[in-house]
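Here the structure comes first, spelled out in structure tokens, and everything after it is commentary.
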Amino acid sequence: MPRERSFSEPEVVDRLADAFTTHGFGGTSMAVLQEATGLGKQSLYNAFGDKAALYRLAVEGAVARFSAGLSAAQAAPDGRAALALLFERLIEDCRSDQPSRQRCIVTCGLLEDLDDPALRSLLEHKWLATHEFIRSQVERGQRDGSIASPRPSAALADQLMLAVGGLRVMARVPGGAQRLAHSVAAQLALLDGP
């Protein structure tokens with residue numbers, strides 16, 4: 001008879017996401033994962049699979065954690081308000097005292113340039129999903145009148161995606177965290193016109 005699991009899977013996934021976000025795929029050893037989760041190597045493998053499977057789970061968990069705030073953005077009264085809420089959530093993460101929330105597992109993974117095509121594809125898919133969310137909210141705002149810029153929604157989404165990555169970097173330099181809100185306001189001003 002198999003033994004019952006004596007751990008919380010969502011908690012383990014959060015800890016995996018924290019470890020991989022902090023150390024990257026290549027820099028995260030099984031010893032790091034064991035320490036982060038409190039589980040032995042065999043327990044991790046038996047419950048979740050190999051290191052690549054653990055990383056996929058971590059990416060899904062980290063994205064779900066960030067995306068939980070996007071439902072509020074989707075419920076915003078207009079496209080511009082939705083984007084403002086998205087950036088408020090990003091600022092909250094950047095100001096967190098948890099280093100893994102300050103960083104983005106997807107961005108870190110893309111910068112790491114993983115050799116595994118399946119993992120790279122997963123990261124690209126997640127990045128593109130965020131871009132699509134931003135693009136759709138820009139389009140929504142152009143339709144509802146909250147965004148005056150006539151520029152193509154994809155071009156505006158590109159600029160805002162650059163801001164997403166840039167804000168995470170800015171938060172990590174001295175004095176940068178205090179300038180985040182001003183920087184977001186400047187980026188959202190791009191939506192006002194040509």
Side-chain angles (χ1 to χ4, degrees), residues 13-29 31-33 35-36 55 58-70 72-73 76 79-115 119-120 122-135 137-138 141 147 149 151 153-194:
V13 170
D14 276 348
R15 290 178 180 179
L16 289 170
D18 290 345
F20 280 118
T21 302
T22 301
H23 303 287
F25 181 78
T28 304
S29 65
V32 167
L33 294 174
E35 184 179 334
Y55 185 71
V59 169
E60 294 293 350
V63 169
R65 182 169 56 192
F66 182 76
S67 296
L70 296 185
R80 186 186 188 98
L83 292 169
L85 284 171
L86 167 74
F87 279 97
E88 282 176 26
R89 173 64 193 272
L90 180 63
I91 288 173
E92 180 184 306
D93 279 355
C94 287
R95 289 182 173 159
S96 171
D97 59 354
Q98 295 176 304
S100 63
R101 283 195 55 203
Q102 295 169 358
R103 299 179 183 112
C104 171
I105 194 170
V106 173
T107 303
C108 291
L110 288 169
L111 290 173
E112 195 173 353
D113 199 25
L114 301 174
D115 290 333
L119 294 181
R120 177 120 183 123
L122 171 67
L123 295 169
E124 290 168 356
H125 172 77
K126 296 302 182 186
W127 189 92
L128 290 169
T130 302
H131 185 279
E132 176 55 24
F133 175 80
I134 290 174
R135 189 203 58 75
Q137 295 310 310
V138 168
I147 294 176
S149 176
R151 293 186 56 214
S153 60
L156 289 169
D158 286 344
Q159 284 190 277
L160 293 174
M161 282 298 288
L162 289 172
V164 167
L167 289 170
R168 289 194 186 273
V169 173
M170 179 183 274
R172 300 183 60 78
V173 299
Q178 291 76 28
R179 297 193 311 266
L180 293 175
H182 175 72
S183 296
V184 166
Q187 290 302 313
L188 293 177
L190 297 170
L191 304 174
D192 292 333

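Please read all numbers here as calculations on a predicted model, not as lab measurements. Just so you know, these numbers use all the heavy atoms, side chains as well, and skip hydrogens, waters and symmetry mates.
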- Results of ring-ring contact (aromatic ring centres under 6.0 Å, His included) for Tyr55 - residues two or more places apart only: Phe20, Phe25

- Counterpart residues, ring-ring contact (aromatic ring centres under 6.0 Å, His included), relative to Phe66 (two or more places apart): none

- Determine, step by step, whether Arg120 and Asp115 satisfy the salt bridge (charged side-chain N to carboxylate O under 4.0 Å, His left out) criterion, reporting the C-alpha distance in whole Å, the side-chain angles of both residues, the deciding distance to 0.1 Å, and the verdict. CA-CA 7 Å; Arg120 177 120 183 123; Asp115 290 333; over 6 Å; no

All N/O donor-acceptor pairs, side-chain side in residues 153-166, below 3.5 Å, sequence neighbours left out:
| from | atom 1 | to | atom 2 | distance (Å) |
| --- | --- | --- | --- | --- |
| Ser153 | OG | Glu139 | OE2 | 3.2 |
| Asp158 | OD1 | His131 | NE2 | 2.6 |
| Gln159 | OE1 | Arg151 | NH1 | 2.4 |
| Gln159 | OE1 | Arg151 | NH2 | 3.4 |

- With sequence neighbours left out, which residue pairs that include part of residues 174-189 fulfil the side chain to side chain donor-acceptor pair (under 3.5 Å) condition? none

- Query: Looking only at heavy atoms, which two atoms of Ala62 and Ala17 are closest? And how far apart?
  - Reply: CB-CB, 4.0 Å

- Query: Considering all heavy atoms of both residues, which atom of Ala19 and which atom of Thr28 are nearest to each other, and what is their separation?
  - Reply: O-OG1, 3.6 Å

- Query: How would you list all residue pairs meeting salt bridge (Lys or Arg N to Asp or Glu O under 4.0 Å) that involve residues 183-194, not counting sequence neighbours?
  - Reply: Arg80-Asp192

- Please name all residues satisfying side chain to side chain donor-acceptor pair (under 3.5 Å) with Glu88, sequence neighbours left out, ordered by chain then number. none

- Calculate, to the nearest 0.5 Å, the distance between atoms CD and CG belonging to Glu112 and Leu119 respectively. 10.0 Å

- Message: More than 12 heavy atoms of other residues, nucleotides or ligands under 6.0 Å from CD of Glu35: yes or no?
- Response: no

Is any side-chain heavy atom of [X] less than 4.5 Å from a side-chain heavy atom of [Y]?
X      : Y     : value
Ile147 : Leu83 : yes
Arg89  : Asp93 : yes
Leu167 : Phe87 : yes
Arg103 : Asp18 : no

